[in-house]
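Take a look at the structure below.
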Amino acid sequence: MKHSKTLVFCCTGSDCKKSGGKSLRKELKESAKSGDIKGNVKLIRTQCMDMCKSAPVVIVGDHFCKKATLDVVLSQINKP
Ligand code: FES
């Protein structure tokens, strides 16, 4: 099934939270509400994905972002 929005999975496990995942998710939520990715993404919270060494972990579509930052995630979302 093809989803019209880009699916963005944010880990909310404790290691990712500690490594900045919590604020990253907040920033992504803000961007999804009013930024340039408005209406294009669906944010999904996940439990620990067992990749804690790469925290914070964000998966954009089928791309796995290690030590994710807002810039990296946004550029991945905006990739054609
Ligand atoms: S806490 Fe995020 S992958 Fe384990």
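When a residue number appears, it is its place in the shown sequence, counting from 1. We count ligands from 1, going down the list as the structure has it; atoms in each ligand are counted the same way.
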Q) Hey, is Cys16 touching ligand 1 through its side chain, its backbone, both or neither, going by heavy atoms under 4.0 Å? A) both
Q | Heavy-atom pair of closest approach, residues Gly61 and Thr6 | A | N-CG2, 4.3 Å
Q. Which atoms of ligand 1 sit under 4.0 Å from any heavy atom of Asp15?
A. 1 (S)
Q | Whether Cys11 has an N, O or S atom under 2.8 Å from atom 4 (Fe) of ligand 1 | A | no
(Q) Using the side chain to side chain contact (heavy atoms under 4.5 Å, CB included) definition, which of the options Leu28, Leu7, Val58 pairs with Leu43? (A) Leu28
Q: Check for a donor-acceptor pair, side chain of Lys22 on one end and backbone N or O of Cys16 on the other, with a separation under 3.5 Å.
A: no
Q | Ligand-residue contact atoms, ligand 1 with Met51, heavy atoms, under 4.0 Å | A | 3 (S)
Q: Taking both backbone and side-chain atoms into account, decide whether Cys52 has an N/O/S atom under 2.8 Å from atom 2 (Fe) of ligand 1.
A: no
Q | Ligand-side contact atoms (ligand 1) for residue partner Asp50, heavy atom cut-off under 4.0 Å | A | 3 (S)
Q.
Just to verify, which of Glu30, Lys17, Arg45 counts as forming a side chain to side chain contact (heavy atoms under 4.5 Å, CB included) with Arg25?
A. Arg45
(Q) Tell me whether Thr12 contacts the main-chain N or O of Thr46 through its side chain, where contact means a donor paired with an acceptor under 3.5 Å. (A) yes
